[in-house]
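In what follows, a single structure is set out as structure tokens and then discussed.
Along the sequence shown, residues carry numbers from 1.
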Amino acid sequence: LLSAMSMERCLSVLFPIWYRCHRPKRLSGILCGVLWALAGLFVSLVFIGCYIPLPISCERLLQGISIVNFLIFSLFPFVSNISLYLKLQCGSQRRHLGKLYVVVLLSVIFLFIFGFPLTVVVFLDPVYLNLFYLHISYLLASMNSSINPIIYFLVGSCQQRRFHSSAKVAFRQVFEEK
């Protein structure tokens, strides 16, 4: 979903007139469907490649899929969000970032930071196996799943450097655009 949101935001900022006038109404659904199908294809390839004898080894298949997975689901959202942030903050028409933009930007940055070690460990596993690094990378990937509610709470409750006491109000304010 972060990849789909990143693509939508990238299109809306880089091509604002096309996005408002000519964007297909079902673009978000189609994009999410393609990304889910791609993720399903990756899982199917791993299952088939590791449990059914094929000319390619399971390790090689995992290495290739980890690289493609990293490029599509981590690097693309990271680069697009950083470029959008720079365009919005450093461009000639400097704009205020909404809370949703901040949440997505922080989520993608943490996805990149916490997801990258697992990709590196999966890629290097056949060459250099160390259980300590494997456990640390799984811990970081698990932390990535836990960090998003914290980001939502902190961004939603931060209003002129004061924090609200209600988590429900903070979560609602993150997704309200004014």
Side-chain angles (χ1 to χ4, degrees), residues 1-11 13-14 28 31-52 54-90 97-158 167 170-171 174-175:
L1 290 176
L2 283 173
S3 296
M5 289 172 66
S6 297
M7 170 148 301
E8 286 278 333
R9 288 181 53 231
C10 195
L11 288 172
V13 172
L14 296 177
S28 298
L31 188 59
C32 285
V34 167
L35 291 173
W36 277 100
L38 196 58
L41 176 69
F42 289 166
V43 169
S44 299
L45 284 174
V46 169
F47 179 75
I48 290 169
C50 292
Y51 295 108
I52 297 174
L54 291 176
I56 188 169
S57 69
C58 182
E59 290 83 15
R60 286 281 192 213
L61 187 64
L62 279 172
Q63 284 181 330
I65 288 176
S66 71
I67 291 171
V68 173
N69 183 32
F70 172 73
L71 291 173
I72 293 173
F73 296 112
S74 294
L75 189 63
F76 172 73
F78 180 74
V79 169
S80 68
N81 276 289
I82 295 299
S83 66
L84 287 178
Y85 176 77
L86 292 173
K87 180 173 173 53
L88 291 174
Q89 292 300 310
C90 301
L97 292 176
K99 288 184 180 185
L100 187 58
Y101 277 90
V102 173
V103 166
V104 172
L105 179 66
L106 289 174
S107 296
V108 167
I109 289 172
F110 281 110
L111 171 72
F112 186 77
I113 291 170
F114 291 155
F116 185 67
L118 182 60
T119 302
V120 170
V121 167
V122 168
F123 181 74
L124 294 177
D125 183 42
V127 178
Y128 180 73
L129 178 64
N130 188 330
L131 287 179
F132 175 75
Y133 293 130
L134 183 66
H135 291 188
I136 293 296
S137 65
Y138 278 131
L139 176 67
L140 290 174
S142 299
M143 287 174 59
N144 179 50
S145 300
S146 305
I147 196 81
N148 286 336
I150 296 168
I151 292 171
Y152 298 156
F153 177 75
L154 291 176
V155 172
S157 65
C158 184
F171 285 126
V174 166
F175 298 104

Pairing residues for Ser142 by the side chain to side chain contact (heavy atoms under 4.5 Å, CB included) criterion, not counting sequence neighbours: none

Non-hydrogen side-chain atoms of Asn144 and Leu140 separated by less than 4.5 Å: no

Spacing of Ile147 atom CD1 and Ile150 atom CD1 [to the nearest 0.5 Å]: 4.5 Å

Atom of Val46, atom of Ile65 and distance for their closest heavy-atom approach: CG2-CD1, 3.6 Å

Atom pair CG (Leu41) and CD1 (Ile48), whose distance is rounded to the nearest 0.5 Å: 8.5 Å

Phe42 versus Val68, closest heavy-atom pair with distance: CZ-CG1, 3.3 Å

Side chain to side chain contact (heavy atoms under 4.5 Å, CB included) against Ile67, all qualifying residues, sequence neighbours excluded: Leu71, Phe123

